[in-house]
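Worksheet: one structure, shown below.
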Amino acid sequence: MHRRIIVPSALAASLTLAIPASAADFVPGAPGIGDSYYPASGNGGYDVSHYDLRLKYEPATDLLEGTATILATTKQNLSRFNLDLGLKVSEVRVNGRVAKFAASGAHELEVTPAVPLERNKEISVVVRYAGKPSEFKVDGWSAWARTPDGGVAAQEPDSAVWWFPSNDHPLDKATFDVSVSVPAGHQAISNGVLQSQSTALGRTRFNWRSDKPQATYLATLAVGKFDITTDRTANGLPVLNAYSKDLGAHAGAARASIERTTEVAEWLETVFGPYPFNSLGGYVPNVTSGFALETQTRPFYSPRQFANGANVSVVVHELAHQWYGDSVSVRDWKDIWINEGFARYSQWLWSEKEGEGTAQELADYVYALRGADDPFWTVKPGDPGPENQFHGAVYDRGALALQALRNEIGDEDFFAILKGWPKQFAYGNARVADFVRYAERVSGEPLAELFDTWLYEPSKPAAPAAAAAGLSAPAAPRTTAKAGAGAKAAKPVQPKSWKKIAATNTVHDHERGHDHESGHEGHGGH
């Protein structure tokens, strides 16, 4: 070990530097990170780099016990700071010393360290906690689903507060180690790579690692009895899929879809560039919900996604999010289009590849399907509002915007943008405005007006704008002297892939009061 020798004068200087600033210089961190839709989400004053979660779960009683070690860096002089957690806390330590804590608000844990924390210092926070996640609600809403043999944490925009303390907003990403003890015969599924598992005294511990930055809502936990398949991609990435043993009639269709994960990911690499994470997979627990979610490396699928047979389109959607939404995440929840518009457009590109309707034909169909008086067109994908964050317009009108862009700048620049964007903002966060500027830079064309028309105007783009974007005319009602007052335009031709794509629009579970209706159906594939 190299030992540093401190001479008396240097010692005096170091002691001077060690004296903390006056108490007046230390203030509490903000109880929210500043999101425009969800002011209470996340917290201010620090940035998390790693979560180490050591958990014990009892499927029979839904009791979850946890010790979370959080590594972070302070961003200001902190007298106290908040974490987001809904379960009951028994002890908090900051830098090894016992800290005071108190619960406040819907899910805030206020932590007051024994010694105020100076800015730009690395800190460790250990939280011991326990509770039954299914008994915790926020405004009557839960992200935790009980299953016949366990429980599942998977929801958007929040799910972390049901099972671990965190800075719960996509702006603060971190790496994760998740270690879970469950009764022998059960499995615990989480993100990333299964590092190890061991059984002793009637319990099995599973150790998972997600080694790239991950938003807290993209962390997932599922405990139950699963059939598990494993493989490796051509590039050597581990693939792990898990299916509840009691999926019933949906089991075959679920497997027939999710076992194509590697194939879909390899195709998406040709569209979006190299896969950004350390593993692949998906899981289907026995839940009653109807949605799917892009939980990082291992998307969550409800069995109902496969009620009408296999549907690879929903797998395409959730895997596309690994680039658009997971690697590049929103800076603010109003930027949801940079997640959902691209995931929906990837389904259109898959349809094009499979010969079941080109992206252009799907765009023409979406544009012609609804008249100008349909409320669908009043939702602005670029800033839909919290009540419409997962509205069908964010998906379908959001994908229309991309087809309009493709037609405006040509395939060469368009596909260069689709690959370049996830590389430019890898493992970070971005806004819609960032994408507009990036597209302008790559294409060399002014695009603000195009994006304003397709993302921000609360009305159906008129026929001239549609024609300029390469879209066919609308199927709005019209009258002619010959046909009479009741005649309407001919119904547009439905692309072959449309039903499979629309099948990912099944109605959600209740989600913080959001309206997921698209005018015809709600959106099940986040």
Side-chain angles (χ1 to χ4, degrees), residues 267-276 316 320-332 334-353 358-364 366-367 377 380-384 393-473:
W267 170 74
L268 284 168
E269 286 190 310
T270 69
V271 181
F272 297 145
Y275 180 75
V316 172
H321 275 312
Q322 304 304 305
W323 287 262
Y324 283 82
D326 293 11
S327 179
V328 184
S329 301
V330 297
R331 285 192 61 83
D332 188 288
K334 73 177 182 180
D335 299 307
I336 190 67
W337 173 75
I338 65 172
N339 294 11
E340 300 303 345
F342 293 80
R344 174 47 51 94
Y345 194 76
S346 71
Q347 293 175 275
W348 292 10
L349 292 176
W350 177 262
S351 169
E352 194 167 287
K353 180 188 88 76
T358 65
Q360 184 65 59
E361 289 166 344
L362 283 157
D364 289 342
V366 167
Y367 182 75
W377 299 107
K380 301 176 289 184
D383 187 2
V394 177
Y395 297 69
D396 286 339
R397 186 177 171 181
L400 271 179
L402 289 170
Q403 185 62 29
L405 174 65
R406 181 179 178 181
N407 290 335
E408 175 73 19
I409 66 177
D411 276 10
E412 184 176 350
D413 283 346
F414 179 73
F415 286 102
I417 288 167
L418 290 191
K419 275 188 178 176
W421 169 263
K423 184 177 180 181
Q424 175 81 15
F425 291 89
Y427 312 118
N429 302 79
R431 297 186 182 277
V432 174
D434 295 324
F435 184 84
V436 174
R437 284 191 293 269
Y438 183 78
E440 287 181 328
R441 189 164 77 246
V442 172
S443 68
E445 297 185 29
L447 298 170
E449 186 177 347
L450 180 146
F451 282 109
D452 185 63
T453 297
W454 293 97
L455 294 183
Y456 293 103
E457 290 296 326
S459 58
K460 184 171 184 174
L471 299 174
S472 62

Is a side-chain donor or acceptor of D383 paired with a backbone partner of K334 at a separation under 3.5 angstrom?
-> no
Spell out, as yes or no, whether a donor-acceptor pair under 3.5 Å connects the side chain of Q403 to the backbone of A363.
-> no
Looking at F272, is K423 sitting on its ring face, NZ or CZ under 6.0 Å from the six-membered ring centre and within 45 degrees of the normal?
-> no
State whether the side chain of D335 and the backbone N or O of V330 hold a donor-acceptor pair below 3.5 Å, judged by distance alone.
-> no
Indicate yes or no for a side-chain donor-acceptor contact from E440 to the backbone of A448 under 3.5 Å, with no hydrogens or angles considered.
-> yes
Kindly say whether the aromatic ring centers of Y324 and F425 come within a distance under 6.0 Å.
-> no
Are Y456 and F451 near enough that their ring centres are under 6.0 Å apart?
-> no
R397 side chain vs W454 backbone, donor-acceptor pair below 3.5 Å | yes
Residues S351, L362; criterion side chain to side chain contact (heavy atoms under 4.5 Å, CB included); working and verdict | CA-CA 9 Å; S351 169; L362 283 157; 3.7 Å; yes
Before accepting this row, confirm whether a basic side-chain N of the pair E352/R406 lies closer than 4.0 Å to the acidic partner's carboxylate O.
-> yes
Distance flag, aromatic centroids of F342 and W337, threshold under 6.0 Å | yes
To the nearest 0.5 Å, atom OG of S329 lies from atom NE2 of H321 at 11.0 Å
Separation of Y395 OH from N339 CG (nearest 0.5 Å) = 9.0 Å
Quick one: salt bridge (charged side-chain N to carboxylate O under 4.0 Å, His left out) partners of R441, sequence neighbours excluded?
-> none
Backbone N/O of W267 and side chain of K353: donor-acceptor pair under 3.5 Å | no
May I ask you to decide if D332's main-chain N or O and R431's side chain share a donor-acceptor pair within less than 3.5 Å?
-> no
